[in-house]
Structures are given as structure tokens and as C-alpha cells.
Amino acid sequence: SVQELEKIFQDKVDQEIKIEPKDWMPDAYRKTLVRQISQHAHSEIVGMLPEGNWISRAPSLKRKAILLAKVQDEAGHGLYLYSAVETLGTTRNQTIEDLHSGKAKYSSIFNYPTLTWADIGAIGWLVDGAAILNQVMLCRASYGPYARAMVRICKEESFHQRQGFEILLVLSKGTPEQQAMCQDAINRWWWPSLMMFGPKDSESTHSDQSMTWKIKRKSNDELRQQFVDMIVEQAKILNVTLPDPALQWNAERGHYDFGEIDWVEFWNVVKGNGPCNKQRLEARRKAWDEGAWVRDAAAAHAEKRKARQEV
Ligand code: ACO
């Protein structure tokens with residue numbers, strides 16, 4: 001019976017045995033994985049846009065090569081994740097169609113503009129820093145293909161974060177204009193980075209179930225706190241301030257206290273009304289349409305090869 005199957009499934013999860021594509025799983029588990037992994041894949045792909053904006057304007061050949069490699073890494077992450085979704089029985093075309101129709105979500109953070117070169121540093125340091133904390137726990141997710149994809153992704157993300165920090169470190173030791181540019185980027189990216197972790201635990205619809213299924217291992221608020229504690233220390237090395245007057249060490253809790261996130265802004269961006277939502281989706285649809293001939297040619301080539309082998 002379904003109850004028995006569910007019990008066997010949950011026992012496996014509790015014993016830390018990975019769930020694999022052909023194993024029995026509850027429909028709701030499959031559905032939540034498809035939702036989360038596809039959102040994650042879209043975030044990687046849409047995330048290429050704000051950074052791609054600076055490839056042709058990076059300040060040196062070396063910076064350009066590094067940024068190019070990083071943006072290519074993000075494409076690779078998207079591809080592993082789309083493959084992980086396919087193992088759950090949803091085609092890549094369907095997943096991508098859901099992004100283009102506006103049905104599927106992707107991380108709110110990628111709907112903010114990259115105005116200066118320092119933004120590339122701030123994205124690496126703060127955005128990739130936040131992404132890593134979340135993804136390190138996902139390396140232990142109960143679904144095998146997702147967990148394994150995360151291991152490789154985390155290694156690359158660590159490099160991304162270091163390169164972002166290093167960009168800011170150079171700027172922070174530069175001219176007064178460069179220092180101001182560094183501070184301005186941090187001022188603009190700080191709050192959106194905190195929003196990446198999602199709504200407060202009390203407002204998070206999926207957390208409890210995802211924790212029971214061991215898809216998530218830490219709650220949105222726990223990870224957000226861990227991020228604040230980590231970044232405050234690193235900001236001291238950069239000699240910059242974080243734009244939150246409420247930020248203060250709390251000896252009793254052993255953590256930094258911080259101010260309230262603007263949740264109206266968060267939901268506004270999630271619902272499609274952030275500064276760049278329309279632009280991002282348009283860019284993705286355009287890339288898909290313009291790439292149609294490549295997909296057609298690849299399919300025709302595969303057909304021909306197959307026909308030749310059959311002779
Ligand atoms: N941006 C957009 N939507 C969000 C965000 C965000 N930052 N945070 C939460 N949401 C959405 C959820 O997707 C969910 O909507 P849905 O029911 O329509 O899917 C809703 O808000 C409620 O949130 P939760 O119940 O807390 O959702 P969940 O348990 O899935 O937790 C989280 C959200 C932490 C983002 C989780 O999905 C996750 O770990 N995802 C994988 C990591 C990821 O996607 N990272 C992307 C950015 S990093 C990068 O790409 C470099």
C-alpha cells in the first residue's frame with residue numbers, strides 16, 4: 001500500500017540512504033524537487049545576465065578572462081541542474097517553457113542591475129557567498145542526483161566568491177573614487193543578498209516538509225544568520241560598512257543582530273515587478289528563439305548519424 005511505501009521511503013531518508021531516480025517516492029516529494037531544482041537551474045542561467053553585462057567592459061584582459069570563465073561555470077551549473085530535473089521525469093523543454101511563460105520562479109537577486117564594475121565584486125562576494133552557504137547544505141540533500149550536482153557546483157562557487165572578494169579588496173585599497181564605488185555596490189547588494197535566503201521561517205511554506213524529507217537541512221533564517229555572521233567579519237578586512245544601523249554583536253545569542261528586511265520589496269521582486277524582471281525574461285526568450293537553428297541543426301545531425309549507423 002501507499003502507506004507502506006511511504007514508510008519505507010521515510011526510513012531510507014532517516015537512515016541517510018540517498019533516493020535515486022528509479023526508487024519509489026511520494027508524488028509531493030517529486031513535485032517539490034522539480035520545483036526547487038528547476039528554480040535553482042533557472043537562477044544559474046538568468047544569473048549569467050547581470051554579470052555577462054560586464055564581460056566586454058572588464059578593466060583588464062585578465063579580469064575579462066576570469067569573468068568569462070565564471071559566467072561559463074554558471075551555464076554548466078544550470079545544465080547539471082536541468083539534467084537533475086530530467087531524472088524526475090520532467091523534460092528540459094517543459095522546464096524551460098515554464099521559465100519563459102513566467103510560471104517558474106528564479107532567485108529574486110538576479111532582478112537587480114549591475115551598474116558599475118564593483119557590482120561584479122559585490123555579486124561574487126555577497127551573492128555567491130550566500131549561494132554557497134545554501135548549497136553546502138544541499139550537498140547532503142536526500143535526492144542523489146541533486147546532492148551530487150551540488151558537490152561540484154560548490155567547488156566552483158568557492159572560487160567565484162574569492163574572485164569577487166579580491167575585486168573588492170583591490171578597489172578598497174584604490175583611489176577615493178574606487179573606494180566609493182566599492183562601498184556603493186555593497187550598499188546596493190547587501191539587502192537583496194539577505195533576501196536570497198527566502199521568507200522568514202514563520203512565512204516559509206515549504207520548509208517543514210522539506211526538512212522532514214531532508215531536502216533542506218537548515219532553515220532560511222538559520223542560513224541567513226550564518227551569512228550575516230560570516231560577512232560582518234569579512235567586511236572588516238575590506239574596510240567597508242554594511243548599510244544596516246541595527247547590525248550589532250549580541251553576546252547573549254553569540255550572533256550579530258540585524259535589521260528588518262523590506263519584505264514588501266522582496267515579494268514585489270518575486271512576483272515579477274523588480275527593477276529588471278522584464279528585461280531578464282525577454283533576454284532569455286530572445287536567446288531561446290535565436291538558438292532554435294542550433295537545436296534544429298544538432299537534432300538533424302544526430303538523425304543523420306543514427307541513419308548512417310543503421311545501414
Ligand atoms: N527568490 C525568489 N523566490 C523565492 C526566494 C527568492 N530568493 N526565496 C523563496 N522564494 C519562493 C519559493 O520558491 C516559494 O515559492 P513557490 O512555492 O512558488 O515555489 C516561496 O518563496 C516560499 O518560500 P519557501 O517556502 O521558503 O521555499 P523553499 O523551501 O523552496 O526555500 C530556497 C527557498 C531556500 C531558495 C530553496 O528553494 C533553495 O534552497 N533553493 C535552491 C538554491 C537556489 O535556488 N539558489 C538560487 C540562487 S543561488 C545561484 O543561483 C547562484
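One-based numbering, in listed order, for ligands and for the atoms of each. Count residues from 1 along the sequence. Predicted, not measured: the structure shown is a model, and the values here were computed from it.
Side chain to side chain, D98 and Q94 meet the donor-acceptor criterion of an N or O pair below 3.5 Å.
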Take Y112 and D119 through the side chain to side chain donor-acceptor pair (under 3.5 Å) test and state the conclusion after the steps. CA-CA 10 Å; Y112 292 85; D119 288 28; over 6 Å; no
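Applying the side-chain contact (heavy atoms from CB on, under 4.5 Å) rule to D23 yields the partners K12, I19, E20; only residues at least two apart in sequence or on another chain are considered.
Classification of the F266-W263 ring pair by plane angle, with boundaries at 30° and 60°, yields perpendicular. In this structure, F227 and F197 have tilted ring planes: the angle between them lies in the 30° to 60° band.
The cationic atom of R285 (NZ for Lys, CZ for Arg) does not lie both less than 6.0 Å from the six-membered ring centre of W288 and within 45° of the ring axis.
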Enumerate the pairs of nitrogen or oxygen atoms, one from ligand 1 and one from the protein, separated by less than 3.5 angstrom; state names and distance to 0.1 Å.
unit_1, atom_1, unit_2, atom_2, d
ligand 1, 1 (N), S108, N, 2.9
ligand 1, 1 (N), S108, OG, 3.4
ligand 1, 7 (N), S108, OG, 3.1
ligand 1, 7 (N), M195, O, 3.4
ligand 1, 7 (N), M196, O, 3.3
ligand 1, 13 (O), Q39, OE1, 2.9
ligand 1, 13 (O), Q39, NE2, 3.3
ligand 1, 15 (O), K105, NZ, 3.3
ligand 1, 17 (O), H206, NE2, 2.6
ligand 1, 18 (O), K105, NZ, 2.4
ligand 1, 19 (O), R35, NH1, 2.9
ligand 1, 19 (O), Q39, NE2, 2.8
ligand 1, 25 (O), S204, OG, 3.1
ligand 1, 25 (O), T205, N, 2.9
ligand 1, 25 (O), T205, OG1, 3.2
ligand 1, 25 (O), H206, N, 2.8
ligand 1, 26 (O), S204, OG, 2.7
ligand 1, 26 (O), N220, ND2, 2.9
ligand 1, 29 (O), K216, NZ, 2.6
ligand 1, 30 (O), R35, NH1, 3.1
ligand 1, 30 (O), R35, NH2, 3.2
ligand 1, 31 (O), K216, NZ, 2.9
ligand 1, 39 (O), N134, OD1, 3.4
ligand 1, 39 (O), N134, ND2, 3.0

